Peer 1: 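Below is a structure I'd like to ask you about.
Note that the structure is a prediction, hence the values are computed from the model and not measured. The first residue in the sequence is number 1, and the count goes up from there.
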Amino acid sequence: VQLVESGGGSVQTGGSLRLSCRTTEFGHDNYAIGWFRKVPGKEREGIAALSRKDLSTFYADSVKGRFTISTDDAKNTVHLQMNNLRAEDTAAYYCAVRHALPLIYLWGIPETEFDAWGQGTEVTVSS
């Protein structure tokens with residue numbers, strides 16, 4: 001599996017960005033995709049996740065109501081729509097995929113237990 005991210009950039013506080021994560025075919029739908037972000041000096045933060053099997057979603061409290069994860073099946077792409085961005089959303093954003101794992105466990109597993117990671121995309125929010 002390979003993941004290719006796009007859509008990062010710079011935006012002012014209150015603005016919006018949409019990140020995309022294009023995946024190669026998994027061959028089945030029993031997998032979950034998560035979006036994570038990383039700030040230097042801080043631990044990885046899981047922010048949104050989607051189960052490809054039942055399309056259930058999960059969000060961190062820090063982004064709930066502002067970010068939306070969705071899937072575009074025709075393009076094998078998962079999007080992260082980010083609205084009302086804040087300075088504290090500034091980070092490197094990564095998507096990652098893991099087979100056969102309930103969403104509630106996705107953010108707690110080590111990076112090495114994911115099937116693949118995207119290359120990362122930078123998001124900068126300034127006032």
Side-chain angles (χ1 to χ4, degrees):
V1 178
Q2 291 184 322
L3 307 178
V4 179
E5 298 179 37
S6 60
S10 297
V11 65
Q12 291 189 322
T13 302
S16 298
L17 285 172
R18 188 176 79 161
L19 306 183
S20 298
C21 178
R22 183 168 55 84
T23 71
T24 57
E25 276 292 336
F26 227 108
H28 57 81
D29 62 0
N30 188 17
Y31 62 91
I33 290 182
W35 282 97
F36 300 81
R37 62 189 181 189
K38 187 78 169 65
V39 176
K42 294 187 178 181
E43 291 196 359
R44 177 192 86 192
E45 179 186 12
I47 56 173
L50 178 144
S51 166
R52 187 62 188 84
K53 188 175 183 179
D54 61 14
L55 300 184
S56 59
T57 57
F58 194 69
Y59 297 94
D61 288 343
S62 58
V63 305
K64 199 173 294 183
R66 300 187 298 123
F67 291 12
T68 303
I69 188 171
S70 63
T71 180
D72 181 341
D73 292 346
K75 298 180 180 179
N76 291 329
T77 300
V78 172
H79 300 293
L80 183 68
Q81 178 66 41
M82 307 187 295
N83 297 328
N84 192 19
L85 283 161
R86 306 167 180 168
E88 54 264 39
D89 295 317
T90 296
Y93 284 71
Y94 299 86
C95 59
V97 63
R98 165 59 199 250
H99 69 280
L101 188 73
L103 285 185
I104 59 171
Y105 300 123
L106 191 67
W107 294 343
I109 63 173
E111 291 183 11
T112 54
E113 293 192 15
F114 286 83
D115 296 291
W117 285 84
Q119 81 279 13
T121 186
E122 292 286 339
V123 171
T124 303
V125 185
S126 58
S127 57

Peer 1: Going only through I, L, V, M, F, W and Y residues with side-chain contacts under 4.5 Å, is there a path from V97 to F36?
Peer 2: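 No.
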Peer 1: Between T23 and I33, which heavy-atom pair has the shortest distance, and what is it?
Peer 2: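 What the structure gives for the nearest pair is CG2-CD1, 3.8 Å.
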Peer 1: Between S51 and S56 (side chain of the first, backbone of the second, donor and acceptor by atom type, cut-off under 3.5 Å), is there such a pair?
Peer 2: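 No.
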Peer 1: Measuring from atom OG1 of T68 to atom CG of L50, what distance do you get when rounded to the nearest 0.5 angstrom?
Peer 2: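 Going from the OG1 atom of T68 to the CG atom of L50 covers 11.5 Å.
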Peer 1: Membership question, hydrophobic clusters at under 4.5 Å side-chain separation (ILVMFWY): are Y105 and L55 in the same one?
Peer 2: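 No; tracing contacts between hydrophobic side chains, which count when under 4.5 Å, never links both residues.
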Peer 1: So, does D115 use its side chain to make a donor-acceptor pair with the main chain of H99 at under 3.5 Å?
Peer 2: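 Yes, because the side chain of D115 sits within donor-acceptor range (under 3.5 Å) of the backbone of H99.
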Peer 1: If you round to the nearest 0.5 Å, how far is CG of D29 from OG1 of T71?
Peer 2: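 Taking OG1 in T71 and CG in D29, the distance rounds to 10.5 Å.
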Peer 1: Specify whether W117 and Y94 have parallel, tilted or perpendicular ring planes, treating 30° as the upper limit for parallel and 60° as the lower limit for perpendicular.
Peer 2: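 Judged by the thresholds at 30° and 60°, the geometry between W117 and Y94 is perpendicular.
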Peer 1: Does the pair D89 and R86 meet the rule for a salt bridge (charged side-chain N to carboxylate O under 4.0 Å, His left out), with working shown?
Peer 2: CA-CA 5 Å; D89 295 317; R86 306 167 180 168; 5.4 Å; no
Peer 1: Which atom pair, heavy atoms only, marks the closest approach of G46 to A60?
Peer 2: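 Distance-wise, the nearest heavy atoms are O-CB, 3.4 Å.
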Peer 1: Enumerate the residue pairs fulfilling side-chain hydrogen bond (donor to acceptor under 3.5 Å, both in side chains) with a member in residues 5-14, sequence neighbours excluded, ordered by first and then second residue.
Peer 2: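 Checked against side-chain hydrogen bond (donor to acceptor under 3.5 Å, both in side chains) - neighbours excluded - no pair reaches residues 5-14.
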Peer 1: Quick check: closest heavy atoms across A49 and L103, and the distance to 0.1 Å?
Peer 2: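 It is CB-CD2, 3.8 Å.
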Peer 1: Looking at V125, is its backbone amide N or carbonyl O close enough to the side chain of T90 to form a donor-acceptor pair, meaning the two atoms are under 3.5 Å apart?
Peer 2: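 Yes, the answer is positive, given that a donor and an acceptor are paired below the 3.5 Å cut-off.
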Peer 1: Would you compute the distance between atom CZ of R98 and atom CZ of F114 and round it to the nearest 0.5 angstrom?
Peer 2: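 If I round to the nearest 0.5 Å, the distance is 8.0 Å.
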Peer 1: Taking all atoms of both residues into account, what is the closest heavy-atom pair of P110 and R44, and its distance?
Peer 2: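 Smallest interatomic distance, heavy atoms only, reads C-NH1, 4.1 Å.
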Peer 1: For the hydrophobic clusters of this structure (ILVMFWY residues joined by side-chain heavy atoms under 4.5 Å, transitively), does one cluster hold both V63 and L85?
Peer 2: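 In one cluster: yes.
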Peer 1: Measuring from L17:CG to Q81:CD, what's the distance to the nearest 0.5 Å?
Peer 2: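 Going from the CG atom of L17 to the CD atom of Q81 covers 8.5 Å.
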Peer 1: Taking everything shown except Q2 itself, do over 12 heavy atoms lie less than 6.0 Å from its CD?
Peer 2: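 No.
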Peer 1: Testing the basics here: between V123 and G8, what is the closest heavy-atom pair and its distance to 0.1 Å?
Peer 2: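 Heavy atoms only, the tightest pair is CG2-CA, 4.3 Å.
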Peer 1: Determine whether I69 and I47 fall in the same hydrophobic cluster, where Ile, Leu, Val, Met, Phe, Trp and Tyr are linked whenever their side-chain heavy atoms lie under 4.5 Å apart.
Peer 2: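 Yes.
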Peer 1: Of all the heavy-atom pairs spanning A91 and R37, show the shortest one and how long it is.
Peer 2: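 Closest approach of A91 to R37, heavy atoms only: CB-CB, 3.8 Å.
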Peer 1: To the nearest 0.5 Å, what is the distance between CZ on R22 and OG1 on T77?
Peer 2: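 Output value for this atom pair is 6.5 Å.
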Peer 1: Between L19 and W35, is any pair of side-chain heavy atoms under 4.5 Å apart?
Peer 2: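 In short, these two side chains touch, coming nearer than 4.5 Å.
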Peer 1: Do L3 and V78 sit in the same hydrophobic cluster, where Ile, Leu, Val, Met, Phe, Trp and Tyr count as joined when their side-chain heavy atoms come under 4.5 Å apart?
Peer 2: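 Same cluster.
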Peer 1: Please round to the nearest 0.5 Å and tell me the distance separating atom NZ of K53 and atom CG of N30.
Peer 2: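 CG of N30 is found 4.5 Å from NZ of K53.
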Peer 1: Kindly state whether the ring of F58 and the ring of W107 have centres lying under 6.0 angstrom apart.
Peer 2: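 Between W107 and F58, which both carry aromatic rings, the centre distance is below 6.0 Å.
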